[in-house]
Each structure stands twice: as C-alpha cells, then as structure tokens.
Number of protein chains: 2
Amino acid sequence: MTAQPVLKAIDIPQLKTVCSSCSLRELCLPMGLSENEIEQLDQLVYTRRRVRRGENIYRAGDPFASLYAIRSGFFKSNVILEDGRDQVTGFHMPGEIMGLDGISADRHACNATALEDSEVCVIPFARLEETSHQVRSLQRQFHKVMSREIVRDQGVMMLLGSMRAEERLAAFLLNLSQRFVARGYSPAEFHLRMTREEIGSYLGLKLETVSRIFSKFQEEGLVSVQQKHIRILHVDGLRALLGRGQ
Amino acid sequence: MTAQPVLKAIDIPQLKTVCSSCSLRELCLPMGLSENEIEQLDQLVYTRRRVRRGENIYRAGDPFASLYAIRSGFFKSNVILEDGRDQVTGFHMPGEIMGLDGISADRHACNATALEDSEVCVIPFARLEETSHQVRSLQRQFHKVMSREIVRDQGVMMLLGSMRAEERLAAFLLNLSQRFVARGYSPAEFHLRMTREEIGSYLGLKLETVSRIFSKFQEEGLVSVQQKHIRILHVDGLRALLGRGQ
DNA sequence: ACGTGGGGTTGATCTGCGTCAATGCGGCGC
DNA sequence: GCGCCGCATTGACGCAGATCAACCCCACGT
C-alpha cells in the first residue's frame, strides 16, 4: 500500500474565497441564487485549501465537519478495502461538491484524494445548515445537489449492473466529455487525470481490459489515445455503443 | 413488456396518518425529533395511500411533488430501459423514504413499484422544505436521510464493481437480514418479495446464476431455501464469504 | 545522457458467469 | 380437482473478461 499523506491544516495557506466572483458559480452551490443570496454564501465559505497530488482532503472514518467544493483540480473518491485494494467510487471536477456521504453518520465514508494539485473551498456544514435555514433558495439548491448525487450514483449502478465492458468505457468517456463541456473545456480533447487501474476500479474492470478497449476504440477510429491524452473523434460512434445493452 | 397499471389517485382511500403514533418513527423521518417536533410533522404528512402489488407510486419522468415513506409492504425502484428490460436499482422496506431522486430535476428518475400490497405516507416536498425551514432538527434529519441514501448507493457500487457472484448474493442476504432486524423481524428467516430475476438485475447477475448460488449455499449448509422462503443457518459462513474480495 | 520505475500495452490461456434449453413446482382460476 | 402459467431449478456449452506474463514507453532524478 502506498503512503497516503494526511492533509496538514497548518501547512495549507488559508485564502480568501468569494462565491460571488467565482467563475464556477453557475455549476456549484450558488446556482440559481440571487446576488444578495450569494453574498450570504460568501459569509460562510471563507476558506480555500490547496491540496497536492496524492493528498486526501478527508479519509474514511474522519469526523465530518465540512463539505468541499472543488475550485480547481481533480479528485477521486475511494475506499481502501481490507485487502489493501483501492476501490474508486467516483471522480470529481471543479464545481462539484464532495463530502455529502459524511452527513449521515457524522463521519466520512470514503477518502477524497487529489489526482493533481488542486484547490477546494471549505464549506463548514453546520454553518451551511444554518444559512440554508435562512436562505430558502440555498436550502433548495443544496437539496438539489444531494439529489443529483443520488441520481448520479444510480446511473453508475445501472452501468455496473447491466453494461458490458465496451459500453462502460464509452459511457465513461461521454460522461467526462459532457462534464468538461459544462466547464467550458473542449468536449473532444482532454487529459485523463487517473490511471487505467483507477478507471478500471471505478468501472468494475481490470486495467488490462481498459487498456485493450482503448486500443480497440482507437483501431475503430472512435478515439485517439496517447497515454492519458484522449481525443474523441466520433462521438456518435461512442453513443451508438450504448443503447443496445447486450 | 408486462402491463404497468398507473396509480389512480381517485381510487385510493385517503387515510389519516400520524407520525407521532407510528411504530416506525425511530427509523423514518421522525427519528431523533422531540414529541413537539413530531407533531409538526403530523401537520404535513397527512395522507396515506394504499398501493397494490404491481402498481407504481410514481414512474420515471413523472413530475416530482412528494416523497413517500413506506408504512407497510415492499417496493423496488426500477428503470425500464429502451430495450424493455427492467433494471432494478433498489429494494425498499417499511420506514424507508422513496422519491429522493426526483428533487434534482423536479421529475422522478425511476419507477417505484410495489412488490406486495403496501401503504405509503405521502410527504409533500414543498411543505417538507417549509417545515424543515422552521424545525431545525427536521432539517438535520432530512439531510441525514439523503446522505444515507448516497452512502447506501456507494455501497452497492462497490459491490457491483468488486465482488464476485457469491459475494454479491451473500452481501445481499446479510443486508436484508440486518434491515429486517431493525424492523423487529427475524434476522434469520424471511420471505423474499422479489423474483430471482429482480435479485439478479439488482446484483448485476442473471437469474440462473442467482438460482445456482442459492442452491450452492444450501448444499453448503449456509442457508435453507425453499422458493421465496429463506432461512439463514450460518451467518458467519456468509460473512466469511465477503472479506476476501478476490 | 543514462538508468530507473511506474504506468501502459499486448499476447496466451483460463474461468466465472451468461446463454440456451429442458424440466420441475406450486398457486390460482375455472 | 385439474390444468395452466409464471417462477425456479438444473445441465451443457460458449464467451467476455480475468489472469499471468513479457515487454514498451516516457517522465524523472542524478
């Protein structure tokens, strides 16, 4: 098992954040809030943390106190199983909220590991509940964020429960592409921040299978793959792979 | 595709409900609330609906208006895929809340189908948000309910992503057993409300595989299976099957 | 420039589960 | 009481993806 450095709060510079001037406000918690209301959010989301590649924002079992909105960078959620394997349960990009799993038992249920140097906004949960008690639209938005997480997870369950390997990888690429687009990046060309093994863990496949299918997609002219650099050449071809669920 | 009768609101008798006298209040939304606070819940959860086996409380695409707490009976969440297959995403028993997936897009994302004649309490969501805006502990409890759903889904993702067929079925039986215990039923002996095909769909297996593994478990003396009647004979044996995830 | 190591690719083989097919069983309607 | 139908069981066979193993490539440190 590789060393898993713990985040040292002391080492991390505390930076001033403001949602009202954040370029991600249309994706993140402020979505749909008025200027006024966003300013109330600014009152509670007042710190930002840098996290370096390989570090965890929180780990399974840690007491739960805050949610984290990704400001820049890329994360995986994962659990270390008894046998030492690292089971990946999700990938997260800027504008997404991590830590929702911790609310139920006041402890985090998984780790949140940075896949590249990143920055997160710290959202103290008690204060979020307090503020959303006052700001109705924030309450509503927060509920939507949680519900979206539930829907997303159920989508993954369906993927794992009913798709074959090729379909899973196609769905994965299309999903990443969509999320990049929503953030103003190219839908067709991006860098994978995770290894083949992490993709495989997330998709319920072995790394060799992931690699083989990338090669197959490449042969078929659907994508161009060079290590972690991906270019989607034929979106509709990938989409066509879904639909017909064996 | 089998006929899927739609719930006719008119046909369903509207019964008076009260959380304060409900035997499930320690599992359901009222958990952790004071007598006073539960009485406020009573104000909003005022109707109950009977649903007969095979009927849906809601279907994917239906506009979202209410959550549903199961008062008695048994449900599955499911999605009908384009090719007509019925993909099961969850099983639900008394005290559990259904419909959380609908919040994110104001439309339900799946069907909720009764696997036996059942009763649910209707929780109008707008009023729940309103009341939880006033009753702090209700807000907190509701957030916990949503978070628990997220954690549960991630558990299923891990099951689907990393376990072999036997492990999945063992985990499934142990999970059912636990949930029955929490409701005061026997941990060891219960009736499955769902078919082998529905179990298989949920666990990402084919019905024949489910059946074979039931037989294998029986040969090994772990459980006794007679059609839908299950008796767990050797809990630790089932538990031992987990742990060592290939 | 060179060596090292972690990730990635590719091939050969194995196997768990899916697929197809036949048979059994039990509950329900007539 | 009888026959039907949906569900469950069991067997034979095939294949997708896992496993094992060799090799490659590139980034990085010295």
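We name chains A, B, ... by the order of the sequence lines, and we start the count at 1 in each one. The basis for the numbers below is simple: all heavy atoms, side chains too, and nothing from hydrogens, waters or symmetry mates.
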- prompt: Are A:K206 and D:dA16 close enough that a side-chain N or O sits under 4.0 Å from OP1 or OP2?
  reply: no

Nucleotide [N], atom [atom2] - distance to [atom1] of [X] in whole Å:
{"X": "B:Q226", "N": "C:dG26", "atom1": "CD", "atom2": "P", "value": "9 Å"}
{"X": "B:I213", "N": "D:dA8", "atom1": "CD1", "atom2": "P", "value": "15 Å"}
{"X": "A:E197", "N": "C:dG8", "atom1": "CD", "atom2": "P", "value": "9 Å"}
{"X": "A:H191", "N": "D:dC26", "atom1": "NE2", "atom2": "P", "value": "13 Å"}
{"X": "A:F214", "N": "D:dG17", "atom1": "CZ", "atom2": "P", "value": "15 Å"}
{"X": "B:E116", "N": "C:dG27", "atom1": "CD", "atom2": "P", "value": "16 Å"}
{"X": "B:E208", "N": "D:dG11", "atom1": "CD", "atom2": "P", "value": "14 Å"}
{"X": "B:L207", "N": "D:dT10", "atom1": "CG", "atom2": "C1'", "value": "12 Å"}

query: Taking atom types as they are modelled, is there a donor-acceptor pair under 3.5 Å from the base of D:dC25 to the side chain of A:Q227?
result: no

message: Taking donor-acceptor contacts at under 3.5 Å, does the side chain of A:R212 reach the base of C:dG11?
response: yes

message: Can you identify which nucleotide, out of C:dG18, D:dG17, C:dG8, has its nearest atom closest to the B:T209 side chain?
response: C:dG18

message: Between the side chains of A:E119 and A:R50, is the shortest nitrogen-to-carboxylate-oxygen separation below 4.0 Å, so that they form an ion pair?
response: yes

For [X], which contact category applies under a 4.0 Å heavy-atom criterion: base, sugar-phosphate, or nothing?
{"X": "B:L205", "answer": "sugar-phosphate"}
{"X": "A:T195", "answer": "sugar-phosphate"}
{"X": "B:G200", "answer": "nothing"}
{"X": "B:S215", "answer": "sugar-phosphate"}

message: Tell me whether B:F180 at atom CZ has more than 12 heavy atoms from other residues, nucleotides or ligands lying less than 6.0 Å away.
response: yes

- request: Would you confirm whether the ring centroid of A:F91 sits within less than 6.0 angstrom of the ring centroid of A:Y202?
  value: yes

message: salt bridge (Lys or Arg N to Asp or Glu O under 4.0 Å) for B:R183 and B:E96? Distances and angles first, verdict last.
response: CA-CA 11 Å; B:R183 283 154 186 82; B:E96 296 176 346; 3.5 Å; yes

- request: Would you check if the side chain of B:T209 reaches a backbone N or O of B:G200 as a donor-acceptor pair within less than 3.5 Å?
  value: no

